[in-house]
Structures are given as C-alpha cells and as structure tokens.
Novice: 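Below: one structure in structure tokens.
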Amino acid sequence: MAITVGRAINYEKANIIYKVKIENKTHNSIAEIKIKPYISKDIFIIDQDEKSIGLIKPNEAKTVTFTLRPQGECGNVDIYGKITYYDTVKNKYHDLQIQKITTSVICPMLHRIEITDEPWDQKVSNLISVQEKTKDAPLGKDELFDIVTDVLKDMNMYPLPPKIGIRRNVGKFYCEGVKGLGYAVKVEVIGGDDRSRLILKTYAENEAALVGCYYKILDEIEVRTDIKKYIDDKVVIQHYHGDIVSGPKIDIRDSIVQRSQIGVKAPPAPSPPPPTPKSKCRNCDMKLDTRNTLVKCNSCNREMCTVCESRIKKEETYKGRKFDITETFCGNCYRKELTNRKRLIDNEIAKEQREERARAEKLERAKELGEPYKSVTVSRAPTPPKESSDLKTAVGIIIIILIIVMGSVAYVFSNPKNTKDTEEITDDINPPTKSTISLASTNNDGNYEVTWNTVLGATSYILEEDDNPLFSSLIVVYTGSATAKSIIGKTDGTYYYRVKATNEDGDSPWSEVMSITIDITHPLYPPTITLASTDTDGNYEVSWGSVSNADSYTLEEDDTPSFSFPTEVYTGSATSKLISSKNDSTYYYRVKATNEDNNSGWSTVKSIVIDIFSIVDLNFEWVEISPGSFMMGSDSGDSDVQPVHQVTIAYTFYMLKFEVTQAQWETLMGSNPSSYMGNDNLPVESVSWNDIQQFTTKLNQLDTKNTYRLPSEAEWEYCARAGSTTEYCFGNNTGSLINYAWYYDNSDSWTHIVGQKLPNAWGLYDMHGNVWEWCQDDWYDDYNGAPTDGSAWGNGTGSYRVRRGGRNLSPAAGCRSANRNYDLPNVRSIIGFRLVLEA
C-alpha cells in the first residue's frame with residue numbers, strides 16, 4: 001500500500017521541533033494510527049513517547065509534531081521510529097518504519113575574543129537569539145549577577161565592562177567557538193538586596209550552536225545557585241492530532257524542561273493538623289466522660305462518641321420512599337451511605353418505569369396486529385356435590401352451558417374485530433413482488449447497497465448472495481429486521497442477490513434474483529524512486545516504492561536528465577534493481593508502474609554520481625626510512641624504558657609524514673569519531689587499536705600491490721629519534737619543545753592541524769605531542785626479551801597495546817622520544833596513529 005512517511009526537523013528558539021507527515025495514497029481509509037519516535041542518544045527528552053491519529057482518509061495527509069529538549073549535553077542524534085496503523089479493508093494491523101534523520105547540538109567550546117560595545121552591537125545584529133526571563137529568586141541582585149557573570153567567564157567568554165545602575169546590573173559577553181562560530185550573551189539582573197530577577201539573552205550564528213550554548217549556560221547557573229529547588233517543574237503539552245491541537249493534557253516532570261520558571265519558589269508543604277486531645281471526640285469534639293463512651297464507625301473504624309451515634313441513626317425519605325439507616329457511621333461515612341441508598345432507589349424506580357414501558361409497548365403492538373387486547377371473564381357455576389340428584393346435576397350443566405354461550409355472544413358483539421383467541425391468530429406473510437429487491441446495475445468502487453420493501457407481518461428478512469443465479473452456494477449475507485444491507489470491499493465480478501421475509505408462522509417465497517457487476521477502476525500513481533547520491537565502487541541499487549494495483553514496473557536509464565535516448569534496464573514486478581560495474585560518470589533513472597487498466601506517469605528523475613574510490617584519494621605523503629641501528633630506551637627514564645638495547649633495522653620502509661587526519665579517516669571509513677573537531681586536517685583521534693586494524697584492512701583491499709600497517713614500537717622510536725640520541729629529536733632542552741610539539745604549555749587544551757610545527761631531521765612532523773600514536777606491539781613492562789630486528793613484539797593477543805609520543809595535554813617529559821605508555825585495544829581516547837608502507 002502506498003502509505004508514505006515524511007519527516008522534518010527545525011529549531012524553534014532553543015527547542016527542536018520534529019514533525020512526521022503521513023500521507024495515505026491508497027483508495028481505503030486507515031485508522032488507529034500510532035506514531036512512536038526513537039532517539040539514538042539520551043541527550044534529548046521528548047514531550048511524548050507516542051502520538052495518535054484516529055483516521056486518515058484516501059488521498060489525505062496528516063502531521064504530528066514532537067518537541068525535543070536538550071538536557072545540557074551536545075552531539076549528533078539520530079531520530080527514527082515506527083508507525084502502526086489499522087487497514088480497514090484487510091482488517092489487520094501494519095507497521096511502517098520511520099527512516100532516520102539526524103540533527104545536532106554543538107558544544108560551546110569557546111575562545112575569548114576582546115571587543116568593545118560598538119563591534120558587539122554589530123555582531124549580535126547578525127545572530128539568532130533566545131531569551132530567558134525568570135521570576136523573583138531569593139538572591140540579591142549583585143549576588144545573582146556575580147554568579148551568572150562568573151559562569152560566563154569560566155566558559156571563556158570575554159566580559160565587556162558592565163553597566164551598573166541604581167536598580168539594574170547589565171553585562172555583555174562575546175567569544176568565538178572552535179568552528180569559528182560567534183557567540184554572545186547579554187545579562188540583566190533587576191531587583192534589590194534580597195530578591196532579584198534574571199533576564200538572559202543568548203546569541204549564536206546557527207540553531208545547533210545556540211541550543212548547545214544556551215543549555216550549557218543554564219546548567220552551570222543551576223549548579224552554582226542550587227536553583228532547582230525553586231523551579232516549578234510542571235509543564236503542560238497538548239496532544240497533536242493531525243494539524244489540530246486537541247486532546248487531553250500531560251505533565252512532564254523534569255527541571256530542565258521548564259527553563260522559564262527559574263526563580264519560582266515552591267509552596268511550602270502543608271503543616272500537619274495538631275493532634276486532637278484524647279479527652280475529646282474526634283468527630284463532634286464533645287468532651288468524653290462516663291456518659292459519653294467511645295464507639296467506632298462500622299465503615300472506616302473511626303472512633304466517635306455516643307452523641308455522634310445518636311445523631312446519625314435516623315429515618316430518611318427520598319422520592320416518597322422511606323428507609324432507615326441504623327448502622328453506626330461517622331459523618332463522612334453516613335453521607336456516603338445516604339448516597340448509596342438514594343442510588344438504589346433511583347435504580348428501582350428506573351426498573352419499574354422500564355417494565356411499565358414494556359407492558360405499554362406490548363399492548364400497542366397487540367392492537368396493531370389485531371390481537372384481542374380486552375380481557376374476557378368467564379364465570380363458572382360451582383360443581384354440585386356428589387350426593388345431589390341426577391336431575392339437579394342435569395339442570396346445573398344446562399345452566400353452565402347457557403352462561404358460556406351467552407358470554408361468548410356478548411363478547412363477539414362487543415369485539416367484532418377479535419373473533420379468535422390470541423393463540424389462534426395466524427398472520428400470513430405476503431410474498432415480495434419481483435421488484436421488491438433493488439441495487440445498482442454497475443459499480444466502480446466495490447461498495448454499494450442492496451434494498452428491499454417492507455412485507456406486512458414479517459419479523460425479519462434473509463438476504464443471500466452468490467456468484468451464480470442458481471444460488472448453489474447459499475451464502476447468507478444478512479438476517480434481521482432492516483430492509484437494506486451495505487456491501488463493501490467487493491472485487492471485480494458479478495454478484496447475485498435474493499431476499500425473503502419470515503416470521504414465527506413461516507417464510508415468504510424468495511424474491512426475484514437481481515445481479516450487479518463490479519468493475520473497479522484502478523488508478524495508478526507514479527512510484528517514488530530512491531538511490532544514493534554518490535557511489536565509490538560502481539555498484540549500487542535503484543529502488544522504488546510499491547504502487548497499489550501495479551502488475552509490473554519499467555526502469556529506464558540515461559546519461560542526461562531529459563531522457564533523449566533512454567535505455568530500459570528492467571521490467572518486472574520487483575521494486576529494486578542492482579546496477580553493477582559502472583564507470584565514473586553521472587547516471588539518471590526514472591520508473592513507471594503498469595497494470596491491465598493503464599500506466600502511471602514517470603516518477604521524478606533521480607541521479608547518481610559514480611566516483612570510484614582509490615588509494616590516491618587519501619593524499620598520503622610518505623617519507624622513505626633507510627636501514628640503520630639505534631639504541632632503544634633510556635637510562636634516565638622509568639623501568640619500562642629499560643634496559644637500553646641496540647635495534648638494527650635492515651630494511652627500507654615508508655612512514656607517513658603526518659598523523660592520519662580526520663579527512664583521511666572519514667574518506668575511507670565514512671564517519672569521524674574525533675572529540676576535537678573543527679578542521680578536516682586535525683589528527684583523527686578517539687579511534688581504538690581495533691578500529692585501526694579495520695582501517696588497514698580496507699587499505700590493503702583497495703591496494704593489493706602494497707602492504708599498509710601500524711609501525712612497530714621499534715620502528716616508531718627509530719623514526720622519532722631521526723638519528724638523535726637525546727631526550728628529544730632536537731636535543732635535551734625542553735625550552736625548544738615549543739617549536740616542535742603541541743603539548744601542555746602551548747596547546748590551549750586543543751589538538752592542532754598536522755604539520756604546523758617544525759619537522760625532525762628526517763622530515764616527520766608531530767612525532768612529539770598533539771595526539772598519542774598507536775603501535776602494533778603488545779605491551780610489556782620492560783624491554784627484557786624485546787626483539788632487536790625492528791619487528792613488533794607480541795602477536796596481538798596481549799591485554800594491552802603500546803602508544804607513543806604524548807598528546808596535547810601531556811607535560812614535556814611525556815613527549816620524550818623514549819617515553820611509552822599503553823591502553824586496552826578497544827579504548828577510544830585521545831590516541832591517533834600514523835602508518836607504515838612496506839617497501
């Protein structure tokens with residue numbers, strides 16, 4: 001069935017609006033539609049887990065809307081889901097999948113930018129904003145202003161000099177994100193020394209950045225002011241049915257949802273009532289003594305005194321009916337019992353009224369059918385005793401017969417229409433005439449009505465259907481008192497009908513047979529065609545949506561969107577076609593559906609660009625490493641870099657000049673897992689040792705003439721030293737490290753684009769700092785037993801793997817050529833890598 005699902009995401013201030021549109025392109029209604037979205041990460045909360053639509057008619061579309069609210073975290077999130085609906089023709093439920101759509105929230109990793117008022121005003125005029133207005137909070141205006149400004153300063157925002165007035169504090173802030181996005185904030189605090197109100201306006205260049213910055217600020221304010229205990233966390237969201245807002249309301253209980261209520265003090269909990277002295281009755285407050293003993297309520301077991309008891313035992317009257325309540329009840333339970341008794345009386349009265357109406361209807365029906373409805377009284381003479389004479393007996397019998405005859409004559413003359421007793425009445429059914437049944441002669445949608453006339457004396461009718469005029473199948477489609485029957489959902493064919501009337505005395509003959517021919521028109525819609533926008537191996541699939549009533553599909557291909565010289569690549573009933581071994585070019589496709597009645601129009605044209613991937617697309621730059629020997633390890637380091645031992649590498653190999661970048665990883669693997677982002681030439685990190693094995697496997701499949709792998713630990717240190725014997729490739733002076741490495745003293749807590757510092761003597765960049773680099777070896781606590789030929793130590797089965805070189809947050813000592821460390825092979829931390837190409 002052609003039920004199509006569309007979805008869209010847009011931002012509304014600091015919230016994300018997710019819409020799902022369901023379009024019914026079939027010829028039948030669908031009902032009980034339930035839409036259930038799923039979120040791939042818990043960085044959002046959604047206003048409702050599920051929304052419903054009662055009915056979608058043919059060729060009708062309806063939309064439901066969900067509101068997503070971030071919870072202070074950032075990142076990409078996939079939204080997908082499932083739709084369930086009821087097929088009114090097939091009488092069964094179906095499921096539809098809601099395809100994935102991705103949105104994101106950008107973390108506000110900010111850089112301080114110093115500006116003045118005039119440039120600030122110019123910059124914010126081009127930004128989008130969201131504003132937070134709170135109610136009064138139990139904080140002085142200076143205290144609240146200082147808290148908010150400290151939050152923004154800690155987020156690395158530059159504060160313009162605040163303007164301080166008698167009743168108002170105002171501050172402006174500005175910064176830029178690592179992606180070059182501009183952020184700004186304006187803070188206003190109004191109030192006095194004990195209560196104040198915050199107006200917070202946040203600006204950013206796009207919605208994703210605005211949402212991330214806005215919620216980050218609010219989270220920090222909540223943490224520092226413990227403001228959550230003043231938040232009214234009740235927010236009301238209405239159900240969406242189609243495009244109409246209606247239905248019951250729900251509450252979402254989450255302090256982060258209702259941001260606009262910061263500062264609303266929750267009402268104090270009600271104080272418990274003071275305890276009642278035991279010397280007084282809890283119900284009537286009478287003082288208890290020897291005459292006022294305690295009794296308990298029969299319903300709730302509550303204690304009360306005899307004064308209360310005497311007040312509740314009494315006679316009641318309701319709607320003219322009296323009743324007594326003699327049980328011992330307290331005041332509340334007595335009122336409940338009184339209500340129950342009144343309800344019982346109402347039910348009794350209603351039952352009596354129903355019985356009276358039934359008797360009246362029965363009498364009225366008897367009048368209509370001509371049945372006797374006047375009672376006849378027959379008097380009988382008493383039977384004489386056995387000892388009486390025969391003469392007396394004969395006279396008595398004669399008198400009784402005369403009385404009966406005279407009574408019957410009197411009854412007949414007084415009731416000329418009722419000459420039979422009720423049990424002897426027989427209502428014959430008049431048979432239907434030939435014209436009694438009627439229906440349309442043709443039908444083009446499978447839905448129609450069979451009707452027939454009313455037959456006097458009939459209590460019910462029987463309608464039969466068959467596919468032949470002889471009625472050999474005897475299919476009963478209706479039995480009841482109505483004179484019409486709706487027939488729905490019929491397929492092409494001829495159907496025959498006949499009807500007869502019936503009551504308790506018998507049936508009428510069958511009516512004349514009538515027939516109807518069903519010839520349904522089957523309109524076709526163009527299929528919806530889908531395929532990838534690019535392809536890297538020349539093999540792909542063209543697919544299209546199924547069309548109701550279609551018998552086959554025709555797929556055409558051309559190298560121009562005008563289809564001047566189309567090639568038919570498929571004809572059949574499937575809804576997809578595999579295309580293989582295409583060369584670099586652009587290909588266009590269209591498809592149409594066909595059935596016995598007519599063809600649909602051509603679908604919209606879709607194109608695909610074939611750009612077959614090769615190793616050249618990764619832009620690797622290699623440095624040739626010649627054979628040689630070096631002393632591996634250090635006498636001045638920890639035990640894990642000892643003993644110092646000679647390693648001889650007797651072969652030539654090639655080492656990547658730079659650490660593998662995010663662009664290179666994403667080109668081959670299709671995604672970017674890095675934590676530090678903002679430029680494609682940043683080193684890729686947050687990749688595990690296991691991930692890199694998959695990376696090298698793909699490389700070796702693309703280029704079967706060469707071998708790509710991680711360097712061994714010995715190869716890595718050989719390249720890092722570049723012929724040196726000192727702590728670093730340039731010597732032992734840590735003051736010079738700033739020229740060769742990004743580390744704790746100069747990285748600004750961020751990774752940097754590869755190749756910006758000086759290379760070592762062999763032309764290799766960033767061997768010190770920036771990101772850790774994985775090696776192929778298993779980890780060992782020292783070098784005792786280590787290989788001396790440059791090969792990797794271990795076979796990849798150990799618990800840990802080696803990483804070398806230090807990172808952006810490492811101290812200078814952590815970046816030494818000999819320094820080594822380890823991690824689990826599945827850990828994704830700030831660890832990158834570079835590759836070796838075997839010669």
Side-chain angles (χ1 to χ4, degrees), residues 1-9 18-31 33-38 53 55-64 78-90 92-102 242 520-535 539-558 561 563 566-580 587-608:
M1 297 178 67
I3 308 295
T4 62
V5 180
R7 64 261 187 274
I9 285 180
Y18 176 58
K19 294 188 176 184
V20 179
K21 179 181 180 182
I22 305 171
E23 189 172 5
N24 181 9
K25 294 183 178 180
T26 69
H27 308 297
N28 308 303
S29 296
I30 59 173
I33 304 101
K34 297 183 184 299
I35 304 95
K36 186 176 182 65
Y38 301 101
I53 300 173
L55 182 73
I56 302 180
K57 298 178 182 178
N59 298 316
E60 184 182 27
K62 289 189 178 180
T63 303
V64 294
D78 297 329
I79 307 172
Y80 51 100
K82 182 178 77 171
I83 296 172
T84 303
Y85 67 92
Y86 182 75
D87 187 335
T88 58
V89 173
K90 295 184 178 179
K92 62 184 294 187
Y93 287 91
H94 297 277
D95 288 339
L96 285 175
Q97 298 302 315
I98 304 175
Q99 297 301 313
K100 179 179 71 175
I101 189 170
T102 302
I520 298 175
T521 302
H522 300 288
L524 288 175
Y525 299 92
T528 301
I529 189 171
T530 58
L531 70 169
S533 57
T534 60
D535 187 76
N539 303 310
Y540 52 93
E541 184 179 54
V542 182
S543 60
W544 53 90
S546 62
V547 176
S548 179
N549 304 317
D551 295 327
S552 65
Y553 303 92
T554 301
L555 176 68
E556 287 189 352
E557 173 190 282
D558 204 346
F563 280 81
T567 301
E568 186 175 309
V569 294
Y570 174 76
T571 298
S573 59
T575 56
S576 63
K577 171 63 178 174
L578 290 173
I579 309 295
S580 60
Y587 299 90
Y588 298 88
Y589 293 92
R590 65 181 183 179
V591 67
K592 70 176 178 181
T594 306
N595 72 355
E596 60 183 6
D597 293 330
N598 61 329
N599 298 332
S600 70
W602 287 102
S603 68
T604 55
V605 174
K606 292 288 187 177
S607 63
I608 185 169

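Computed from heavy atoms alone, side chains included, the values below leave out hydrogens, waters and symmetry copies. Being a predicted model, the structure only gives us computed values, none of them experimental.
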Novice: Just how far is it from atom OH of Tyr588 to atom CD1 of Ile608, taken to the nearest 0.5 Å?
Specialist: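 Rounded to the nearest 0.5 Å, the OH-CD1 separation comes to 12.0 Å.
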Novice: Just by modelled atom types, is the Val547 backbone N or O under 3.5 Å from a matching donor or acceptor in the Tyr553 side chain?
Specialist: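 Between the backbone of Val547 and the side chain of Tyr553 there is a qualifying donor-acceptor contact (under 3.5 Å).
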Novice: Do Glu557 and Val542 have side chains that get closer than 4.5 Å, going by heavy atoms?
Specialist: no
Novice: State whether the number of non-hydrogen atoms from other residues, nucleotides or ligands found under 6.0 Å of Lys592 atom NZ is greater than 12.
Specialist: yes
Novice: If we only count heavy atoms from C-beta on, is the Tyr570 to Val591 side-chain gap below 4.5 Å?
Specialist: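 No, side chains not in contact.
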Novice: Between Asn549 and Asn595, what is the shortest heavy-atom contact and its length?
Specialist: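 Looking at all heavy atoms of both residues, the closest pair is O-CB, 3.2 Å.
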Novice: Enter the distance from Ile33:CD1 to Tyr93:OH here, rounded to the nearest 0.5 Å.
Specialist: 10.5 Å
Novice: With a 4.5 Å limit on heavy-atom distance, are the side chains of Ile22 and Asn24 in contact?
Specialist: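 No, side chains not in contact.
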Novice: Just so I know, are the side chains of Thr571 and Thr594 near enough to count as touching, which here means a heavy-atom distance under 4.5 Å?
Specialist: no
Novice: Using 30° and 60° as the class limits, which term best fits the ring planes of Tyr589 and Tyr540: parallel, tilted or perpendicular?
Specialist: perpendicular
Novice: Should Val89 and Thr26 count as side-chain neighbours, where that means a heavy-atom distance under 4.5 Å?
Specialist: no
Novice: Flag the pair Pro527 / Ser600 as yes when at least one side-chain heavy-atom distance between them is below 4.5 Å, and no otherwise.
Specialist: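 In contact.
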Novice: Tell me whether Lys21 at atom NZ has more than 12 heavy atoms from other residues, nucleotides or ligands lying less than 6.0 Å away.
Specialist: no
Novice: Any side-chain heavy atom of Pro37 within less than 4.5 Å of one from Tyr18?
Specialist: yes
